[in-house]
Amino acid sequence: MGSQNNFEIIKAATLQNSKLLNIDKEYGSIEIGKKADLLITPRDPTIDLKNLSKIVSVFKHGQPVAQYKYKKYKNLDTLLDI
């Protein structure tokens, strides 16, 4: 992705995509009134995108739907190698 930093990459995958799909009033960023669909990771993905492969919790519309003790997705590691 060229010179983009990790924060810009995550923003492009979330907020920018929600704008393209015209759903940014409900999704794409963490704000009051928006639907809270979140992945919780034990480490900061803006430091290393591979941290997105270690998911601790998943929230859909603000409600927890899954809890993990470090679920690792092998394919995600490969996809995130930039």
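Just so you know, these numbers use all the heavy atoms, side chains as well, and skip hydrogens, waters and symmetry mates. Remember, predicted model here, so these are calculated numbers, not experimental data.
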Can you tell me how far the [atom1] atom of [X] sits from the [atom2] atom of [Y], to the nearest 0.5 Å?
X     : Y     : atom1 : atom2 : value
Thr46 : Leu49 : OG1   : CG    : 8.5 Å
Ser57 : Ile55 : OG    : CD1   : 10.0 Å
Asp44 : Leu52 : CG    : CG    : 9.5 Å

Check your understanding: Can we say Lys11 and Glu8 salt-bridge, meaning some charged N sits less than 4.0 Å from an Asp/Glu carboxylate O?
Key ->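 Looking at Glu8 together with Lys11, the answer is no, because their closest N to O distance does not fall below 4.0 Å.
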
Practice item. Go through the steps for Asp48 and Lys50 under the test side-chain contact (heavy atoms from CB on, under 4.5 Å), then give the verdict. Key: CA-CA 5 Å; Asp48 185 351; Lys50 288 183 180 179; 3.5 Å; yes

Practice item. Would you sort out whether Glu26 and Lys35 count as a salt bridge (Lys or Arg N to Asp or Glu O under 4.0 Å), showing the intermediate values? Key: CA-CA 6 Å; Glu26 297 180 57; Lys35 299 187 184 203; 3.2 Å; yes

Exercise for review: Apply side-chain contact (heavy atoms from CB on, under 4.5 Å) to Leu38 and Val58, showing your working.
Suggested key: CA-CA 6 Å; Leu38 306 167; Val58 177; over 6 Å; no

Practice item. Applying side-chain contact (heavy atoms from CB on, under 4.5 Å), run through Lys19 and Asp24 and close with a yes or a no. Key: CA-CA 5 Å; Lys19 286 181 179 181; Asp24 57 302; 3.7 Å; yes

Can you name the closest pair of heavy atoms from [X] and [Y] and give their distance?
X     : Y     : result
Val56 : Pro42 : CG2-CD, 3.4 Å
Leu15 : Ser18 : O-OG, 2.8 Å
Pro45 : Asn51 : CA-CB, 4.0 Å
Glu31 : Ser29 : OE2-OG, 2.6 Å

Review point. Is it the case that one hydrophobic cluster holds both Ile30 and Ile40, taking links as side-chain heavy atoms less than 4.5 Å apart, direct or via other members?
Key: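 As far as the 4.5 Å side-chain criterion goes, Ile40 and Ile30 are connected within one cluster.
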
Exercise for review: Applying side-chain contact (heavy atoms from CB on, under 4.5 Å), run through Asp37 and Phe59 and close with a yes or a no.
Suggested key: CA-CA 5 Å; Asp37 293 349; Phe59 286 78; over 6 Å; no

